[in-house]
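Here's the structure, in structure tokens; my notes come after.
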Amino acid sequence: MSSTLTIALSKGRILEDTLPLLAEAGVEPVDDPASRKLILDTTRPDVKLVIIRAADVPTYVQFGAADLGVAGKDVLMEYEGNGLYELLDLQIAKCRLAVAEPAGLAASDDPQKWTRLRIATKYINITKRHFAAKGIQTDIIKLYGSMELAPLAGLSDRIVDLVSTGATLKANGLVEVEHIADISSRLVVNKASMKMKSAAVKALVAGMRTAVESRA
Ligand code: PRT
Ligand code: MG
């Protein structure tokens, strides 16, 4: 019996960095990934790619609309669903999740003395958990992007956001004051697909693992 594998990916850096790994595992899109098509056929008749928003990948996989997906650890940590298994750290789209604040505030701030913080972020769950574990109260303001603007506009004192080169923080007069987690993208699968399509899943994972390891 042949079964189809559907892999959920998001446009942008995850798609760009995952395609070479998939290619080494024998899967290449036949449709142009830059087109507006949201379902891409591949050189393997039994493998399809679906292109969705990064934050929607865990949802597609959990509910079986995709068997597998590639999502940032940040997205997976924030996601409240369950039934997802991490199969492989793809070592792509690396960055870190950090607390940042205006350089002026940082000059006299001591994170050891924090008791209550007003934070703007799109990572509400991660932020709550991180500070609750340290006994620090948080007033969290949910944003969907451009977190770096919040302290400048007076919306919050601090932000929790992804940092890669640090150029965006710097350009907005912000500095990192606390590291929360190192982030990279992971290949995830749902429980049912792992069980029902285990041979196909394992073969794909083995191919991608070899590709990841050859880059280390
Ligand atoms: O952009 P869109 O709204 O469609 O969705 P998205 O932002 O969730 O997707 P995308 O493609 O931007 O990010 C997908 C994943 O890439 C994230 O979930 C992370 O796991 C990973 N990633 C790696 C990053 C970065 N590096 C990164 N630098 N995601 C975002 N950034 C942003 C960051 O938020 C900040 O605004 O880049 C800016 C900082 O970059 P530097 O280099 O200036 O520090
Ligand atoms: Mg983005």
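In this chain, numbering begins with 1 at the start of the sequence shown. Numbering of ligands and ligand atoms starts at 1, following listing order.
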Within 45° of the axis and under 6.0 Å from the centre of the six-membered ring of F131, does NZ or CZ of K128 qualify? no
[X] neighbourhood, listing ligand 1 atoms whose heavy-atom distance to it stays under 4.0 Å:
| X | value |
| --- | --- |
| A167 | 43 (O), 44 (O) |
| G72 | 20 (O) |
| D74 | 17 (C), 18 (O), 19 (C), 20 (O) |
| I183 | 20 (O) |
| V75 | 18 (O) |
| V163 | 44 (O) |
| D161 | 34 (O), 35 (C), 36 (O) |
| R53 | 2 (P), 3 (O), 4 (O) |

Between C95 and ligand 1, which residue portion shows a heavy-atom distance shorter than 4.0 Å: side chain, backbone, both, or neither? side chain
Residue part near ligand 1, for E148, under 4.0 Å between non-hydrogen atoms: side chain
When you measure from the side chain of [X] to the backbone of [Y], do you find a donor-acceptor pair of N or O atoms at a distance under 3.5 Å?
| X | Y | value |
| --- | --- | --- |
| T42 | V47 | yes |
| D182 | R96 | no |
| Q62 | N82 | yes |
| T121 | V160 | yes |

Which residue supplies the protein heavy atom nearest to [atom], what is that atom called, and how far is it?
| atom | value |
| --- | --- |
| atom 29 (N) of ligand 1 | L162 CD1, 3.3 Å |
| atom 30 (C) of ligand 1 | R13 NH2, 3.3 Å |
| atom 11 (O) of ligand 1 | K11 O, 3.7 Å |
| atom 43 (O) of ligand 1 | T168 OG1, 2.5 Å |
| atom 28 (N) of ligand 1 | S164 CB, 3.3 Å |
| atom 14 (C) of ligand 1 | I14 CD1, 4.0 Å |
| atom 9 (O) of ligand 1 | A54 CB, 3.8 Å |
| atom 7 (O) of ligand 1 | K122 NZ, 3.5 Å |

Pairing of [X] and [Y] as salt bridge, 4.0 angstrom limit:
| X | Y | value |
| --- | --- | --- |
| K113 | D110 | yes |
| R118 | D139 | no |
| R215 | E24 | yes |
| R158 | D109 | yes |

Could you tell me if any non-hydrogen atom of S10 lies under 4.0 Å from any atom of ligand 1? no
For G12, is at least one N or O under 3.5 Å away from an N or O on ligand 1? no
Regarding ligand 1, does T165 bring an N or O atom to under 3.5 Å of one of the ligand's N or O atoms? yes
Between L105 and L155, is there a shared hydrophobic cluster once you connect ILVMFWY residues whose side-chain heavy atoms come closer than 4.5 Å? no
Quick one: pull up CZ in R186 and CD1 in I14 and give me the separation to the nearest 0.5 Å. 11.5 Å
Check against side chain to side chain contact (heavy atoms under 4.5 Å, CB included), L149 and N172: CA-CA 7 Å; L149 177 61; N172 291 290; over 6 Å; no
For residues 203-213, which side-chain donor-acceptor pairs fall under 3.5 Å, sequence neighbours excluded?
residue	atom	partner	partner atom	Å
T210	OG1	A206	O	3.0

